[in-house]
Amino acid sequence: MSTTGDEVIDLEEQGWQALSSTPETARRFYEHILDHTAVMLLPGGLVLDNRTAILDSLSGPPWSAYQLRDPQVLHPTNDTAIVTYEATAHRDDAPTYTALTSSVYVRRTDGWKLTFHQQTPR
């Protein structure tokens, strides 16, 4: 795996760690990593296409456990990276959540930024 592949996979892992911590931690992480224009397609037909709305959506209960399986990275260009993997996670007293997940990162002058994220439940 390339160094860039490691970097963006690490960012995905850090995102899940933040989402498994507190809403404040998640917001701080995504304020730093979220691109100025971003879209998230989430289960239930939820489309978030506004940076502020995405950050506000991070106020839910944290994940109590998660696992990322078979992460892979595709580079359509030198400055874009698509990360795909299967995520399994759960919150206390809730059913296990499993989804095929993809995130698109763009390289900016201050590092990799998340510009697109989609979760397709399994």
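- The line from CG of Leu34 to OG1 of Thr52 is 9.5 Å long, rounded to the nearest 0.5 Å.
- The one candidate from Ile82, Val8, Leu74 that meets the side-chain contact (heavy atoms from CB on, under 4.5 Å) condition with Val104 is Ile82.
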Start with the C-alpha gap between Arg27 and Glu31, add the side-chain angles, then the distance that decides, and say whether salt bridge (Lys or Arg N to Asp or Glu O under 4.0 Å) holds.
CA-CA 6 Å; Arg27 186 177 185 101; Glu31 281 175 341; 3.2 Å; yes
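- To the nearest 0.5 Å, atom OG of residue Ser20 and atom CZ of residue Arg91 are 8.5 Å apart.
- Separating the CD atom in Gln119 from the CG atom in Leu41 is a distance of 10.0 Å, to the nearest 0.5 Å.
- Note that the OG atom of Ser103 and the CD1 atom of Ile33 stand 10.5 Å from one another [nearest 0.5 Å].
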Decide yes or no on side-chain hydrogen bond (donor to acceptor under 3.5 Å, both in side chains) for Arg69 and Thr88, but give the supporting numbers first.
CA-CA 8 Å; Arg69 283 191 201 90; Thr88 301; 2.8 Å; yes
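- Between Trp112 and His75, the ring-plane angle classifies as tilted under the 30° and 60° cut-offs.
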Go through Asp35 and Lys113 one step at a time and tell me if the salt bridge (Lys or Arg N to Asp or Glu O under 4.0 Å) criterion holds.
CA-CA 5 Å; Asp35 200 28; Lys113 301 298 177 183; over 6 Å; no
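- The distance from the CZ atom of Arg51 to the CG atom of Leu114 is 10.0 Å, given to the nearest 0.5 Å.
- Side-chain atoms of Val106 and Asp79, non-hydrogen and from C-beta on, never get closer than 4.5 Å to each other.
- Between the side chains of Tyr105 and Glu7, not a single donor N or O lies within less than 3.5 Å of an accepting N or O.
- Side-chain contact between Glu86 and Thr98 is present, with heavy atoms from C-beta onward closer than 4.5 Å.
- The two residues Arg122 and Leu100 make their nearest non-hydrogen contact at NH1-CD2, 3.3 Å.
- Between Val39 and Leu48, every side-chain heavy-atom pair lies at or beyond the 4.5 Å cut-off.
- Looking at Ser64 and His90, their side chains come closer than 4.5 Å, going by heavy atoms from C-beta outward.
- Under the 30°/60° scheme for interplanar angles, the aromatic rings of Trp16 and Trp63 are found to be tilted.
- In this structure, a donor-acceptor pair under 3.5 Å is absent between the side chains of Tyr85 and Gln72.
- In this structure, Thr37 and Thr115 have side chains that are in contact, with non-hydrogen atoms separated by less than 4.5 Å.
- Of all heavy-atom pairs between Gly15 and Tyr30, the closest is CA-OH, 3.2 Å.
- Taking CD1 of Ile9 as the reference point, atom OG1 of Thr84 lies at 8.5 Å (rounded to 0.5 Å).
- Residues Glu24 and Phe29 are not in side-chain contact: their nearest non-hydrogen atoms beyond the backbone lie 4.5 Å or more apart.
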